[in-house]
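For reference, the structure discussed in these notes is given below.
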Amino acid sequence: MSRLLTTVLLVLPLTASAFEYRVGVGKDETTGKLGIGFDPSSIRPAAGDTLVFEYRAGVHSAVQTTFENPCTPMPGGYDSGIITVPEGTLVDAPGLPTTTFQIQSTDPLWFYDGASGECHLGAVFSVNPPLSGDQTAGAFLEKAKATAPQAASSPAVSTTAAVATSSPAAAGTSAAAASTTSAAAANSASNLAMGSKAFTAVSALAVVGFGAFALL
C-alpha cells in the first residue's frame with residue numbers, strides 16, 4: 001500500500017504540470033479588443049504544455065517563422081491555414097475557432113499572423129524568447145516592423161480552397177452512388193431476363209403436357 005501511495009504521489013505532479021496557454025489571434029493585448037497581433041504576444045511555457053490559438057473576427061493564421069525572417073514561413077514549420085471569422089463577432093464570443101500546437105521544448109519559437117497581412121505592423125508572437133541579448137521578444141517585434149508590407153489573404157480564396165478540397169470526395173461519392181445505381185439496374189435487368197426465360201420454359205412444358213394429354 002505504501003509503495004502504491006508513493007507512486008501516485010510521484011505521478012501526480014508530473015500530470016498536473018501540463019498547462020494550456022490560450023492566445024488570441026487578431027486581438028490587441030493592450031486593450032483586450034479586436035486589433036492587430038496576439039494576446040498575449042509572448043509566453044514562457046514548459047515542454048509538454050499546449051498552445052491554443054484562438055481566432056478573432058477577420059482573416060487570420062498562425063504561422064511559424066524564424067527570428068531572422070519574421071514575416072516569412074519557416075520551411076516545415078507550423079501553419080494553421082487561413083481561419084475566417086465573420087466580421088462583427090464579439091471579441092470573446094463563445095465557440096471561436098482554435099488550432100493547437102504542442103510545446104516540445106523550451107527552445108525559442110517565433111510566429112506571425114500570415115493571413116492578416118499585418119506582420120509588418122507588429123502581428124508577431126514569441127515563445128520562450130531570450131530575456132536578454134539581441135533576440136528578445138522586443139527585438140523580434142522591431143525586426144518584424146522593419147519588413148516590407150504584405151497583402152492580406154482573401155476570405156473568398158480560403159472558402160474556395162475549402163470547397164475545392166472537399167469536391168473530389170463529393171465527386172467520388174457521386175461516382176460511387178452512380179456505380180451502385182448502375183449495378184443495381186444491371187442486376188434488376190438480369191433478374192428480369194432470367195425470370196422471363198424461366199416463364200418461357202414453364203410455358204413450353206405446359207404446352208407439351210397439354211399435347212400429351214390430348215393424345216391420350
Side-chain angles (χ1 to χ4, degrees), residues 18-29 32-43 45 47-105 107-129 137 140-141 143-145 147-173:
F19 188 78
E20 180 179 280
Y21 290 82
R22 298 187 78 84
V23 178
V25 186
K27 183 178 179 180
D28 189 322
E29 71 172 341
K33 299 179 180 180
L34 297 176
I36 296 172
F38 297 76
D39 178 30
S41 62
S42 185
I43 60 173
D49 290 345
T50 301
L51 172 57
V52 179
F53 291 108
E54 191 173 56
Y55 302 88
R56 267 44 182 197
V59 181
H60 301 285
S61 65
V63 182
Q64 190 173 3
T65 183
T66 62
F67 181 89
E68 292 73 18
N69 299 290
C71 301
T72 302
M74 184 180 81
Y78 177 83
D79 188 338
S80 68
I82 299 174
I83 309 294
T84 303
V85 179
E87 295 293 346
T89 302
L90 296 178
V91 64
D92 290 322
L96 290 170
T98 61
T99 62
T100 59
F101 179 88
Q102 195 71 31
I103 303 297
Q104 303 293 339
S105 71
D107 293 338
L109 299 172
W110 316 97
F111 297 85
Y112 73 102
D113 186 349
S116 69
E118 298 172 337
C119 181
H120 69 289
L121 298 177
V124 293
F125 170 67
S126 58
V127 176
N128 291 321
F140 179 56
L141 174 62
K143 198 171 184 66
K145 288 182 175 180
T147 61
Q150 295 178 323
S153 300
S154 168
V157 172
S158 174
T159 305
T160 303
V163 172
T165 301
S166 60
S167 293
T173 303

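Because only heavy atoms are used, hydrogens play no part in the values below, and waters and symmetry mates are left out as well, while side chains stay in.
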If you round to the nearest 0.5 Å, how far is [atom2] of [Y] from [atom1] of [X]?
| X | Y | atom1 | atom2 | result |
| --- | --- | --- | --- | --- |
| Arg56 | Asp28 | CZ | CG | 12.0 Å |
| Lys145 | Cys71 | NZ | SG | 11.5 Å |
| Phe38 | Ile43 | CZ | CD1 | 11.0 Å |
| Glu118 | His60 | CD | NE2 | 6.5 Å |
| Gln102 | Thr50 | CD | OG1 | 3.5 Å |

Is the backbone of [Y] close enough, under 3.5 Å, to the side chain of [X] for a donor and an acceptor to pair up by distance?
| X | Y | answer |
| --- | --- | --- |
| Ser61 | Ala115 | yes |
| Thr147 | Ala144 | yes |
| Gln150 | Cys119 | no |
| Glu29 | Ser41 | yes |
| Gln64 | Pro73 | no |
| Asn128 | Leu109 | no |

Run through Phe101, Tyr112, Trp110 and flag the one making a ring pair (Phe, Tyr, Trp, His ring centres under 6.0 Å) with Tyr78. Phe101

Under 6.0 Å between ring centres, would you say that holds for Phe111 and Phe53? yes

Given the rule in the side-chain contact (heavy atoms from CB on, under 4.5 Å) test, do Thr100 and Glu20 qualify, once you have shown the distances and angles that lead to the verdict? CA-CA 10 Å; Thr100 59; Glu20 180 179 280; over 6 Å; no

Do Thr72 and Asn69 pair up side chain to side chain, a donor and an acceptor below 3.5 Å, judged on atom types alone?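 Result is no, nothing qualifies.
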
Which one of Leu96, Val23, Val85 satisfies the side-chain contact (heavy atoms from CB on, under 4.5 Å) criterion with Glu54? Leu96

